[in-house]
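See structure below.
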Amino acid sequence: MSEIRQRRGDGDGNQKIEAAVESDHVDSEEEKVLEEKYVDELAKSLPQGTDKTPEILDSALSGLSTRWRNWVIRGIFTWLMIGGFCLLIYGGPLALMITVLCVQVKCFEEIINIGYAVYRVHGLPWFRSLSWYFLLTSNYFFYGENLIDYFGVVINRTDYLKFLVTYHRFISFSLYCVGFVWFVLSLVKRYYMRQFSLFAWTHVALLIVVTQSYLIIQNIFEGLIWFIVPVSMIICNDVMAYVFGFFFGKTPLIKLSPKKTWEGFIGGGISTVIFGLGLSYIMSQYPYLVCPIEYSESVGRMTMDCEPSLLFRLQEYTPPQFLQPVMKVIGMDKFNMYPFMIHSLFLSTFSSVIGPFGGFFASGFKRAFKIKDFGDVIPGHGGIMDRFDCQFLMATFVNVYITSFIRTATPQKLLQQVYNLKPEQQLQMFYALKESLEHRNILNAIP
């Protein structure tokens, strides 16, 4: 009898579980249908930059076909953006850093607005406020790290700022914990999955946008050439791939982006390598562009005065053996070039082969939400994120490349580490360094 009761109990339990699963399945199906419907509405409601043009241009180009009309509009605003980029370079590193921060905020806004538009149908609380809070917290951490790295010696001499330097990471983590607790308290039982999806959405946006902008700032501090050349390579690749694809494109490259062709991909890649070598040769001649940006205590500001490193001095090279017959024909056994040009080959190869996949990633993201562009800030191009999707990937590569193959320790960075030591450890280092300098007759040779 007990076995029969147990089986009946098990049967009742199973029926309840099945009923609950069925109910959840019905709810999830209803929500799925509702969400798909809303995504369709989203595609119509979000602003699309390629469809928005000034009225003056609209009337002036009304006689052209759609294909050539788009070509002209994209060309006009491409040259305007290139001109703006040149002005920012002329404005110096501070102007570039402020621009990077503005671009970062705009890109984050475009990504978060899509998430907000998709999920606001569920009435989820605090999504936008939490997203912007995490953006501010992330910027406090990353930009604080940059300030400590490059201005730590000066900041440590200011008493009220020394506390912020010493406990910067603890303060940053505390601020993050406030946002984390805020998110947990905002959870609504019915929408757990949706809210955790948005939490992940925000963090992915931070990873894509804020982390990359932090790396871009680091690249600028290494010398303007490490910012200008990679950015220009991506621009060149984007423009030339469009030109070759427009005139010669016949073979589709990837399903995520149907307009991309192999002809454009290859033509853009070859053009970028040639352009990169030429630009690197020209820019390596100017100390203003190649010197790292450092804080000078003597003048009390950032300076870019230095003796250019070996990377930016002409060196004599013997061509590889397989090229020697060709070089002999043109009467050149040896040739002079800047070593940086060799590094630019690796940068241009990455920007041509891997860089476009940043754009393909963005295309897949937009297709998931059935939208054409991230925004409508730039007519013929879309939003800011549409123009910087490849730049962020390139910035990471450049930073990794510099860290792995170029960067060496500087006195300023070493001093920052020394200032963080205890007084007795600082004295220990002082006496050890003094003893070493005396032993090598360096200190005694100083008058």
Side-chain angles (χ1 to χ4, degrees), residues 24 26-49 100-144 171-214 358 361-377 382-386 388-389 392:
D24 288 344
V26 170
D27 288 345
S28 64
E29 285 295 324
E30 288 176 357
E31 288 178 2
K32 188 177 179 182
V33 170
L34 182 63
E35 195 168 295
E36 286 179 357
K37 181 180 178 182
Y38 201 78
V39 169
D40 289 334
E41 293 176 3
L42 169 73
K44 299 174 184 176
S45 63
L46 281 177
Q48 303 297 290
V100 169
L101 180 60
C102 293
V103 167
Q104 174 219 109
V105 172
K106 185 59 181 173
C107 288
F108 184 80
E109 181 195 23
E110 290 177 353
I111 295 173
I112 289 301
N113 278 347
I114 295 173
Y116 179 73
V118 171
Y119 290 109
R120 70 183 172 187
V121 68
H122 302 296
L124 301 180
W126 299 114
F127 167 60
R128 182 171 281 181
S129 301
L130 272 167
S131 298
W132 286 105
Y133 175 81
F134 280 123
L135 177 69
L136 291 172
T137 302
S138 302
N139 275 310
Y140 175 79
F141 171 71
F142 283 116
Y143 281 85
I171 294 169
S172 301
F173 180 71
S174 300
L175 290 171
Y176 179 82
C177 285
V178 171
F180 183 80
V181 171
W182 182 3
F183 166 73
V184 173
L185 293 176
S186 72
L187 289 171
V188 178
K189 185 176 180 180
R190 181 177 172 82
Y191 297 120
Y192 286 160
M193 183 61 75
R194 296 285 179 270
Q195 288 182 282
F196 277 103
S197 297
L198 288 173
F199 187 72
W201 180 291
T202 300
H203 281 68
V204 169
L206 292 172
L207 176 66
I208 292 173
V209 176
V210 181
T211 307
Q212 313 305 322
S213 66
Y214 162 70
F361 175 84
S363 294
F365 186 89
K366 289 182 283 187
R367 279 179 168 273
F369 295 98
K370 301 180 182 179
I371 59 174
K372 193 175 181 182
D373 302 304
F374 283 100
D376 62 351
V377 177
I384 297 293
M385 190 65 195
D386 291 289
F388 285 86
D389 45 15
F392 288 131

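- Put simply, the side chain of K366 reaches to within 4.5 Å of the side chain of D386, judged on heavy atoms.
- The nearest pair of heavy atoms linking D389 to A362 is OD2-CB, 3.6 Å.
- Side-chain atoms of V103 and S213, non-hydrogen and from C-beta on, never get closer than 4.5 Å to each other.
- For the atom pair CD1 (I208) and CZ (F392), the distance works out to 9.0 Å, reported to the nearest 0.5 Å.
- One N or O on the side chain of W201 and one on the backbone of I111 form a donor-acceptor pair closer than 3.5 Å.
- Using a 4.5 Å cut-off on side-chain heavy atoms (C-beta onward), F108 and L206 make contact.
- Residues forming a ring pair (Phe, Tyr, Trp, His ring centres under 6.0 Å) with F196 (at least two apart in sequence, or on another chain): F183.
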Report task. Please lay out, stage by stage, how Y143 and L101 fare under the test side-chain contact (heavy atoms from CB on, under 4.5 Å). Result -> CA-CA 10 Å; Y143 281 85; L101 180 60; 3.8 Å; yes
Q.
Test side-chain contact (heavy atoms from CB on, under 4.5 Å) on Y133 and L175; report intermediate values, then the result.
A. CA-CA 9 Å; Y133 175 81; L175 290 171; 3.9 Å; yes
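- For the atom pair CZ of F180 and CG of L130, the computed distance is 11.5 Å after rounding to the nearest 0.5 Å.
- Atom-to-atom distance recorded for T202:OG1 and F134:CZ is 7.5 Å, nearest 0.5 angstrom.
- E110 meets the side-chain contact (heavy atoms from CB on, under 4.5 Å) test with K106, F374, V377, I384, M385; sequence neighbours excluded.
- Between the CH2 atom of W126 and the CD atom of Q195 there is a distance of 12.5 Å, given to the nearest 0.5 Å.
- Annotation for S172 and T137: closest pair O-CG2, 3.9 Å, computed over non-hydrogen atoms.
- The two residues L207 and Q212 come nearest to each other via the heavy atoms O-NE2, 3.3 Å.
- The structure places CZ of F127 at 11.0 Å from OG of S186, a figure rounded to the nearest 0.5 Å.
- The number of heavy atoms from other shown groups lying within 6.0 Å of CZ (F365) is above 12.
- With Y214 contributing its side chain and N139 its backbone, the two residues share no donor-acceptor pair below 3.5 Å.
- Between Y176 and S138 there is no side-chain heavy-atom pair separated by less than 4.5 Å.
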